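Take a look at the structure below.
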Protein chains: 2
Amino acid sequence: MPGHLARRFQQIAVAVFLAEVEAAGFDLTPVQYAALAAIAANPATDQITLAGLIAYDRTTITGVIDRLTQKGLVVRRASARDRRSRELLVTDEGQRTLRAITPAVEAAQRLMVRGLTKTEARELIRLMQKAIAAANDLSRAPLREGAAERQ
Amino acid sequence: MPGHLARRFQQIAVAVFLAEVEAAGFDLTPVQYAALAAIAANPATDQITLAGLIAYDRTTITGVIDRLTQKGLVVRRASARDRRSRELLVTDEGQRTLRAITPAVEAAQRLMVRGLTKTEARELIRLMQKAIAAANDLSRAPLREGAAERQ
DNA sequence: TACTGATGATCAGCATACTGATCAATAAGG
DNA sequence: CCTTATTGATCAGTATGCTGATCATCAGTA
């Protein structure tokens with residue numbers, strides 16, 4: 001049952017991530033980390049574009065940014081060109097957090113495939129990527145490449 | 001990033017499941033389906049044991065059973081041996097639903113790996129199983145085998 | 001310019017998951 | 001028998017994810 005395995009693997013991935021990150025002294029969820037890293041890599045993008053970059057639903061991203069803002073890691077800035085959209089920026093503390101948390105995040109990635117050999121882990125990643133790419137548009141929140149690759 | 005792929009694959013798996021099941025005229029979530037099937041396969045088990053069989057958190061299962069009960073697919077029965085526990089049973093309608101919904105569930109399982117060959121899909125399943133087995137105890141809701149295999 | 005449609009963001013509502021607490025009932029010990 | 005620890009179930013609170021709606025704004029067209 002691929003569906004059941006998908007749920008279980010994700011459940012373990014989240015648990016491992018939270019445990020490693022908390023052990024390192026941080027309070028960030030996997031979802032918040034991914035958003036923070038994506039904002040750092042794409043400064044001043046609006047929320048919809050950000051959601052596409054990490055395949056989040058647009059209604060989910062609102063709450064995630066709320067919490068990142070509350071923690072002082074991200075700021076929302078009104079866009080000059082389009083008054084509907086908010087540009088997102090990582091604060092200095094957000095940058096520091098991102099750098100400091102990286103080892104814990106990497107440890108979590110290794111831990112969740114600790115039962116596999118390096119070759120097997122690479123193969124699992126390849127197969128998940130391939131399956132996901134072929135089914136990308138079947139979810140409400142598909143991955144949308146950056147503007148550069150879009151056209 | 002295995003963690004990100006895990007989240008995305010699960011996201012797609014849920015979307016595909018809901019779409020197929022709704023197209024077949026049913027209103028059941030993946031989680032509700034798994035619980036219903038597990039109760040049918042293990043009649044009169046208590047909620048904690050059921051949670052272990054499908055790796056759900058004990059606090060999550062309460063709400064899932066609430067909703068299955070509300071839909072008339074499952075009944076809670078007070079246990080004669082232990083007045084703390086509730087024995088779970090599938091109703092006749094639950095049995096009918098389970099039979100009728102099976103083709104849609106199977107279609108969803110195929111759809112979520114439609115980008116892979118049969119061999120690749122089998123390999124993905126094998127690798128996920130292996131990774132999950134080695135990390136089973138890292139989540140709060142580990143899989144607990146049935147009484148037969150437990151000792 | 002006025003209208004129409006599309007878009008960015010948010011909201012209410014619902015279903016998973018989890019943390020940690022509570023409560024009743026049971027089991028184990030002295 | 002009584003105390004203590006454990007266990008089955010539930011609850012409050014929080015964080016994803018989603019459906020569908022709303023609101024303000026923008027873009028394109030008549």
Side-chain angles (χ1 to χ4, degrees), chain A residues 3-4 6-8 10-19 22 27-35 45-52 54-71 76-88 138-142 144, chain B residues 3 6-8 10-19 21-22 27-35 45-52 54-71 76-88 138-142 144:
Chain A
H4 180 258
R7 181 192 147 277
R8 184 85 185 103
Q10 148 78 352
Q11 185 181 41
I12 287 169
V14 172
V16 166
F17 185 100
L18 291 175
E22 197 203 328
D27 172 34
L28 262 197
T29 67
V31 163
Q32 289 165 16
Y33 168 79
T45 47
D46 62 291
Q47 295 185 190
I48 297 276
T49 304
L50 174 69
I54 49 184
Y56 287 14
D57 191 87
R58 65 183 191 283
T59 63
T60 300
I61 206 95
T62 299
V64 174
I65 303 299
D66 279 351
R67 287 180 281 279
L68 285 175
T69 299
Q70 216 163 14
K71 290 177 182 176
R76 269 190 258 243
R77 193 177 62 186
S79 164
R81 291 189 323 284
D82 188 337
R83 274 183 302 169
R84 288 170 305 180
S85 80
R86 317 295 182 85
E87 295 176 351
L88 301 173
L138 300 183
S139 82
R140 168 163 137 159
R144 298 280 172 225
Chain B
R7 179 192 149 277
R8 184 83 186 104
Q10 149 77 352
Q11 185 181 41
I12 287 169
V14 172
V16 166
F17 185 101
L18 291 175
V21 162
E22 197 203 327
D27 173 33
L28 262 197
T29 67
V31 164
Q32 289 165 16
Y33 168 79
T45 46
D46 62 291
Q47 295 185 191
I48 296 277
T49 304
L50 173 69
I54 49 184
Y56 287 14
D57 190 87
R58 66 183 191 281
T59 62
T60 300
I61 206 94
T62 299
V64 174
I65 303 300
D66 280 351
R67 286 179 282 278
L68 285 175
T69 300
Q70 216 164 13
K71 290 176 182 176
R76 268 190 259 242
R77 193 176 62 184
S79 164
R81 291 190 323 283
D82 187 338
R83 274 182 301 168
R84 287 170 305 181
S85 79
R86 317 296 183 84
E87 296 177 350
L88 302 172
L138 300 183
S139 83
R140 166 162 139 161
R144 298 281 172 224

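Bear in mind that the values here come from a model prediction, so they are computed numbers and not experimental data. Quick note on labels: first sequence line is chain A, next is B, and so on, each numbered from 1.
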Rounding to a whole Å, what distance do you find between [X]:[atom1] and [N]:[atom2]?
| X | N | atom1 | atom2 | value |
| --- | --- | --- | --- | --- |
| B:I61 | D:dG8 | CD1 | C1' | 13 Å |
| B:F17 | C:dA15 | CZ | P | 15 Å |
| A:E87 | C:dA9 | CD | C1' | 14 Å |
| B:Q70 | C:dC14 | CD | P | 11 Å |
| A:D66 | D:dT16 | CG | P | 10 Å |
| B:I65 | D:dG8 | CD1 | C1' | 13 Å |
| B:R76 | D:dG8 | CZ | C1' | 12 Å |
| B:R144 | D:dG8 | CZ | P | 12 Å |

Any protein N or O atoms within reach of nucleotides 20-23 of chain C? Criterion: under 3.5 Å, listing atom names and distances.
{"residue": "C:dA21", "atom": "N6", "partner": "B:R58", "partner atom": "NH2", "Å": "3.4"}

Please identify each residue that fulfils side-chain hydrogen bond (donor to acceptor under 3.5 Å, both in side chains) with [X], with sequence neighbours left out.
| X | result |
| --- | --- |
| B:Q10 | none |
| B:T45 | none |
| B:T59 | B:D57 |

Can you tell me if the side-chain N/O atoms of [X] get under 4.0 Å from OP1 or OP2 in [N]?
| X | N | answer |
| --- | --- | --- |
| B:Q10 | C:dA17 | yes |
| A:R81 | D:dC26 | no |
| A:Q11 | C:dC18 | yes |
| B:R83 | D:dG8 | no |
| A:R7 | C:dA17 | yes |
| B:T29 | C:dA15 | no |

### Query
Checking all strands, does B:T60 fall into the base, sugar-phosphate, or nothing category for heavy-atom contacts under 4.0 angstrom?
base
### Query
When all nucleic acid strands are considered with a 4.0 Å heavy-atom cut-off, which category describes A:A15: base, sugar-phosphate, or nothing?
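The residue A:A15 makes no contact with any strand.
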### Task
Once you apply the 3.5 Å cut-off to both distances, tell me the Watson-Crick or G-U wobble partner of D:dA30, or none.
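Checking every strand shown, D:dA30 finds its partner in C:dT1, with both distances under 3.5 Å.
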Mind checking salt bridge (charged side-chain N to carboxylate O under 4.0 Å, His left out) for [X] and listing every partner two or more places apart, or none if nothing turns up?
| X | value |
| --- | --- |
| B:R67 | none |
| B:R58 | none |
| B:R83 | none |

### Query
Minimum heavy-atom separation for A:D27 to A:K71, with atom names?
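Closest heavy-atom pair between A:D27 and A:K71: O-NZ, 2.8 Å.
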### For B:Y56, ring-ring contact (aromatic ring centres under 6.0 Å, His included) partners two or more places apart
none
#### Entry: Matching residue for B:L88 among B:I61, B:T49, B:L50 - test: side chain to side chain contact (heavy atoms under 4.5 Å, CB included)
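Among the candidates, only B:L50 passes.
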#### Entry: Nearest-nucleotide 5' precedence on DNA chain C, B:A141 against B:A80
B:A141
### Message
Between B:D46 and B:R84, does any NZ, NE, NH1 or NH2 come within less than 4.0 Å of an OD or OE carboxylate oxygen?
### Response
no
Between the protein and nucleotides 3-8 of chain C, are there any N/O to N/O pairs under 3.5 Å, and if so, what are the atom names and distances?
{"residue": "C:dT7", "atom": "O2", "partner": "A:R84", "partner atom": "NH1", "Å": "2.4"}

